2 protein chains.
Amino acid sequence: MVRKTKEDAELTRLSIIDAARIVFLARGVSRTTLEHIATQAEVTRGAVYWHFKNKAEIFHALRDQAFLPLIDRMDDMLAVENTNDKTSNKQEDPLTQIENSLCHTIVELNSDLQMRQTYEIMMIKCEYVEDFATVLQEILNNCSSITEKIQLAYERAKSLNLLSGSHSPRALALDTHLFFSGLLHMWVKDADGSRFRFQAIELIKSHVDLRRK
Amino acid sequence: MVRKTKEDAELTRLSIIDAARIVFLARGVSRTTLEHIATQAEVTRGAVYWHFKNKAEIFHALRDQAFLPLIDRMDDMLAVENTNDKTSNKQEDPLTQIENSLCHTIVELNSDLQMRQTYEIMMIKCEYVEDFATVLQEILNNCSSITEKIQLAYERAKSLNLLSGSHSPRALALDTHLFFSGLLHMWVKDADGSRFRFQAIELIKSHVDLRRK
DNA sequence: GTTTACATACATTCATGTTTGTATATAATA
DNA sequence: TATTATATACAAACATGAATGTATGTAAAC
């Protein structure tokens, strides 16, 4: 049980990230030792230090694994209508596009335990200081970009005369973004699911409906 | 510089909580030592251990100091109209009541640096595990109770025929709660204020307006 | 005189980073 | 193709620096 092939080494790397997720979730990021992670991954700290510089690097790897794909997917679902692609979300009306992209995120979280756990870690098991503060800024940037996409969708909806009332697409987008941000937080904190988890989809539909003519 | 009067001791206690806030904010809760807090408060760890059992107890004290008053105030502003009290928020229409209670919280946060810092600690400088997990549950309970108050206000608004559309007060309340929860999070994370801090009031007004007939 | 409100000193545990050791994969060379 | 060299992927040991909790000391208040 010593030297492995490159493929084995990659598996070790992944299992360390996997282990980190489990231990971070249970003990919080600060309180988990590299020893904890190593034990969970059934390796020694030597292996951990071989693959990662320190705990922060593991944290970043974990984030990249779960966060980025979801952000990308959301971005994609909010993209401008593309008439060549009949199978995608893009032929829906803009409001339905918004609704679908939000719902999709929730569905993903519901079906993917690991992603759910990672979100929980990022939201309530991590202190955003020093090495971790940058992650927060990145998240904020992602949020901004998504808000802009939502705004564009609302602008399309407006020009298609789909909106009730006369609110600015900007204000609508910010409101939607804050709603969804709050929903994700509550969704994560609501461990037993009694408050938000089981009605998240409903809440999204209701939120979007409020804007529909 | 040894034994003090009861009043002096109470001042020491408060200065320890004050110091904890400063250090928690800068270093995160986990990474701050009781030594850090003691130094900041210009006492020794002896004094800290005299007044508090451990770090978690300081954390709880800090929370009680900043959180509870704000919650109470919000609760109060959402209370049922009281015709005897002409000076309060209670003579406003229910939707304005909701708007005011949300705005009030933001104004408070804007004017009270310490409260703002405490919120920041609770949201992004603390890991909710073990000793701290209970705090999260308490926060969730507070949220539930506020949501209920908001729902009651929406019900009053509905019976006064102030609402546009035909959405249920329950759905409206949840939506508002999630919006505000998201707003608080963003408000706190948005350190330089460029994204949310300076337009929070506007966003609240716009959110409530969306529901007004 | 006793309790209070601390300061100081001590003991222990624990986490981190580094260093060293080592078996094996892989590339180089002959 | 067989041999050798080197880099890889770890394990194990070590050294250091905290951080915690407790125990003890002490001066002033009551």
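All figures in this text were calculated on a predicted structure; none of them were measured in a lab. Per chain, numbering begins at 1; letters A, B, ... match sequence-line order.
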Engineer: What is the distance from CG of A/Asp8 to C1' of D/dA11, rounded to the nearest Å?
Structural biologist: 16 Å
Engineer: Measure from CZ on B/Arg31 to P on C/dT16 and round the result to the nearest Å.
Structural biologist: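 These atoms are roughly 10 Å apart.
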Engineer: In whole angstrom, give the distance that lies between atom NZ of A/Lys55 and atom P of C/dA15.
Structural biologist: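 Between P of C/dA15 and NZ of A/Lys55: 9 Å.
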Engineer: What's the shortest heavy-atom distance between B/Arg156 and B/Leu78, and which atoms?
Structural biologist: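 The answer is NH2-O, 3.2 Å.
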Engineer: Could you tell me whether a side-chain N or O of A/Thr39 sits under 3.5 Å from a main-chain N or O of A/Glu35, the two making a donor and an acceptor?
Structural biologist: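 Present.
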Engineer: For A/Glu35 and C/dC14, what is the distance between atoms CD and C1' respectively, to the nearest whole Å?
Structural biologist: 11 Å
Engineer: Under 4.0 Å between a side-chain N or O of B/Thr12 and OP1 or OP2 of C/dC6?
Structural biologist: yes
Engineer: Counting just side-chain N and O atoms, does B/Thr5 come under 4.0 Å of either OP1 or OP2 of D/dA28?
Structural biologist: no
Engineer: What pair of heavy atoms forms the shortest contact from A/Asp190 to A/Phe196, and how long is it?
Structural biologist: OD2-N, 2.6 Å
Engineer: Please name the pair of heavy atoms, one in B/Phe24 and one in B/Lys125, separated by the smallest distance, quoted to 0.1 Å.
Structural biologist: O-CB, 4.0 Å
Engineer: If only atom types and distance count, is the side chain of B/Gln137 paired as donor or acceptor with the main-chain N or O of B/Ala133 below 3.5 Å?
Structural biologist: no
Engineer: Expected output is a numbered-order residue list: members of residues 38-53 of chain B with a heavy atom under 4.0 Å from any atom of DNA chain C. What is it?
Structural biologist: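 Those residues whose heavy atoms fall under 4.0 Å from DNA chain C, taken from residues 38-53 of chain B in numerical order, are B/Val43, B/Thr44, B/Gly46, B/Ala47, B/Trp50, B/His51.
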Engineer: Mind calculating the distance between CD1 (A/Ile37) and P (D/dC10) to the nearest angstrom?
Structural biologist: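 After rounding, the gap between these two atoms is 15 Å.
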Engineer: Round to a whole Å and report the spacing from CG of B/Leu34 to P of C/dC6.
Structural biologist: 16 Å
Engineer: Taking A/His207 for its side chain and A/Ile204 for its backbone only, find out whether a donor-acceptor pair lies under 3.5 Å.
Structural biologist: no
